[in-house]
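Quick note: residue numbers are just sequence positions, from 1. This is a predicted model, so every value here is computed, not measured.
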Amino acid sequence: MSKRSKYDLDSIPQDPPYLQPGALVEIQPPEFGYESPWHTATIVQRATPISSNRFVVRFTHLFQDEKTGNRPLRMISLGDIRPHPPPQRPRKFENGDHADVYHQHSWWEGVIVQELKNGNYLFRFNSDNQWPKFVEFGVNQLRLHRTWINGQWIPPLEASEIAVEEVQREEEPTKKTMEMEEYNERALVEVANDEDGSNRAWYPAIIVTAVGNKRYLIQYTTMRTDDNSNIGFFGKVRDTLHIRPRPPDIAVPDQFVMLEQVDAFYKGGWWKGVIIKVLSDDSKYHVYLATHEEMEFKHSELRLHQDWIDGKWTKPSPVI
């Protein structure tokens with residue numbers, strides 16, 4: 001008989017989908033202790049030797065270099081990795097429910113103390129490393145606490161929770177189109193910040209790779225700090241609700257006119273606004289931003305506003 005190879009095919013572990021390269025996972029780094037939060041990361045590859053049961057990962061926020069924006073690769077044991085749960089329907093919590101809250105780019109365990117009159121919840125952190133211990137959060141920042149044991153969630157995820165995205169897509173056609181949008185690697189896109197409504201801005205970025213579950217690892221190219229300094233190129237995982245193609249180039253007029261809807265480039269992002277004053281030299285304008293702020297911009301810092309609706313770019317109706 002021939003000798004068996006050091007790693008015969010039958011002995012090589014077949015990793016489940018959540019451990020495949022590019023998959024989005026949650027990790028509790030052992031050096032931070034058992035009370036530390038769970039941080040999102042992407043699987044890069046299984047580490048060698050295969051018998052070590054360790055994986056090479058890149059965190060989406062943790063360990064990021066503040067100056068360069070680089071996120072180094074880390075080696076993590078299988079026991080400290082769990083799948084990233086699918087998005088869940090916002091739910092009504094009861095006092096005493098064990099829950100997780102998304103806070104400071106990670107998921108913290110705790111308990112619902114009380115539902116407040118404004119619909120938010122008073123949450124108590126389990127960790128002694130978090131202060132203050134009691135903080136108010138909105139329902140969209142919370143999820144029911146579950147533990148990953150022997151390849152399954154305890155308590156189990158109900159089918160209605162897992163299917164919530166399909167229900168929303170049927171009821172909200174705009175979201176359906178946005179969520180079904182697929183992007184190729186190196187595609188030029190714009191990515192929204194975490195704000196809604198008037199505070200939303202769109203930042204130029206590049207698609208790095210798909211990470212599954214309608215999420216992409218993107219790389220910002222122009223985002224800046226509050227002092228207007230470039231924070232460098234850095235990556236972040238975003239879902240398709242926060243990504244849109246870059247708008248098509250359309251001819252910019254030699255001079256914008258009063259009440260014309262525009263996007264203003266500010267701190268590395270495009271902010272919606274309207275021209276409220278044309279200055280005497282015709283190259284500068286006062287723009288009333290959707291954030292209810294009035295600011296002055298150069299002609300070169302403005303573009304005509306376009307809306308991304310149902311998978312198509314459209315020009316907005318004139319302001320009357």
Side-chain angles (χ1 to χ4, degrees), residues 18 24-42 57 59-64 66 76 79-149 152-165 167-168 172 175 191-201 211 213-215 226 236-239 241-242:
Y18 82 91
L24 189 65
V25 294
E26 293 182 351
I27 295 173
Q28 190 177 50
E31 61 264 41
F32 296 158
Y34 71 95
E35 287 189 338
S36 66
W38 290 82
H39 300 264
T40 55
T42 53
V57 307
F59 286 89
T60 55
H61 295 92
L62 192 63
F63 304 122
Q64 181 172 305
E66 294 182 357
I76 301 293
D80 299 314
I81 304 175
R82 69 184 186 187
H84 184 68
Q88 300 164 40
R89 183 193 302 273
R91 62 183 296 144
K92 182 175 178 64
F93 290 93
E94 303 293 337
N95 296 349
D97 278 349
H98 291 271
D100 299 333
V101 65
Y102 191 69
H103 176 61
Q104 296 177 343
H105 302 299
S106 54
W107 288 97
W108 297 74
E109 297 178 15
V111 176
I112 299 295
V113 177
Q114 181 182 359
E115 182 178 5
L116 305 177
K117 292 182 178 180
N118 60 3
N120 292 343
Y121 292 88
L122 185 62
F123 180 87
R124 187 193 73 213
F125 288 89
N126 286 347
S127 175
D128 291 331
N129 299 323
Q130 168 62 33
W131 185 260
K133 293 278 287 186
F134 296 86
V135 179
E136 176 183 342
F137 291 104
V139 67
N140 289 331
Q141 294 172 270
L142 297 164
R143 69 185 185 193
L144 190 67
H145 176 70
R146 289 179 167 89
T147 306
W148 182 252
I149 301 177
Q152 59 184 348
W153 290 107
I154 305 297
L157 276 163
E158 300 294 336
S160 59
E161 295 177 277
I162 299 174
V164 62
E165 285 193 326
V167 173
Q168 288 181 343
E172 302 175 12
K175 287 187 178 181
V191 179
N193 55 9
D194 290 322
E195 303 293 336
D196 291 319
S198 62
N199 289 322
R200 171 156 286 192
V211 296
N213 201 21
K214 304 179 184 67
R215 287 175 167 81
D226 289 338
K236 189 174 184 180
V237 173
R238 304 298 282 167
D239 60 40
L241 290 178
H242 290 81

Would you confirm whether the ring centroid of Phe123 sits within less than 6.0 angstrom of the ring centroid of His103?
no

Go through Val135 and Val101 one step at a time and tell me if the side chain to side chain contact (heavy atoms under 4.5 Å, CB included) criterion holds.
CA-CA 10 Å; Val135 179; Val101 65; over 6 Å; no

What heavy-atom pair brings [X] and [Y] nearest, and what distance separates the two atoms?
| X | Y | answer |
| --- | --- | --- |
| Gln114 | Asn95 | CA-OD1, 3.3 Å |
| Arg200 | Leu241 | NH1-O, 4.2 Å |
| Arg238 | Ala192 | NH2-O, 3.3 Å |
| Arg91 | Leu144 | NH1-CD2, 3.6 Å |

Is there side-chain contact between Pro155 and Arg146, with at least one heavy-atom pair below 4.5 Å?
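Yes; the side chains approach each other to less than 4.5 Å.
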
Any residue meeting side chain to side chain contact (heavy atoms under 4.5 Å, CB included) with Ala41, in chain and number order, not counting sequence neighbours
Val25, Ile27, Val57, Phe59

Could you pull out all residues at least two apart from Asn140 that satisfy side chain to side chain contact (heavy atoms under 4.5 Å, CB included)?
Pro90

Donor-acceptor pair, Arg124 side chain versus Lys133 backbone, under 3.5 Å?
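Absent.
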
Is the side chain of Thr60 donor-acceptor paired with the backbone N or O of Thr40 at a distance under 3.5 Å, no angle test?
yes

Give a yes or no on whether His98 atom NE2 has more than 12 heavy-atom contacts from other residues, nucleotides or ligands under 6.0 Å away.
no

Sequence-distant partners of Lys92, salt bridge (Lys or Arg N to Asp or Glu O under 4.0 Å), two or more places apart:
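Salt bridge (Lys or Arg N to Asp or Glu O under 4.0 Å) check on Lys92 returns Glu115.
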
In Å and rounded to the nearest 0.5 Å, what is the [atom1] to [atom2] distance from [X] to [Y]?
| X | Y | atom1 | atom2 | value |
| --- | --- | --- | --- | --- |
| His105 | Leu62 | NE2 | CG | 11.0 Å |
| Phe134 | Glu136 | CZ | CD | 14.0 Å |
| Gln28 | Trp38 | CD | CH2 | 5.0 Å |

Check the orientation of Phe125 and Phe137. Use parallel for under 30°, tilted for 30 to 60°, and perpendicular for over 60°.
perpendicular

Please set out all donor-acceptor pairs under 3.5 angstrom arising from side-chain atoms of residues 80-87, sequence neighbours excluded.
residue : atom : partner : partner atom : Å
Arg82   : NE   : Glu26   : OE1          : 3.0
Arg82   : NH2  : Glu26   : OE1          : 3.0
His84   : ND1  : Glu26   : OE2          : 3.0

Go through it in stages, so that I can follow the logic: the residues are Leu24 and Val237, the test is side chain to side chain contact (heavy atoms under 4.5 Å, CB included), and I'd like the CA-CA distance, side-chain angles, deciding distance and then a yes or no.
CA-CA 9 Å; Leu24 189 65; Val237 173; 4.2 Å; yes

Applying side chain to side chain donor-acceptor pair (under 3.5 Å), can you list everything that pairs with Asp239, at least two apart in sequence or on another chain?
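Applying side chain to side chain donor-acceptor pair (under 3.5 Å) to Asp239 gives His242.
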
Sorted by chain and residue number, the side chain to side chain donor-acceptor pair (under 3.5 Å) partners of Ser106 (sequence neighbours excluded) come out as Trp108

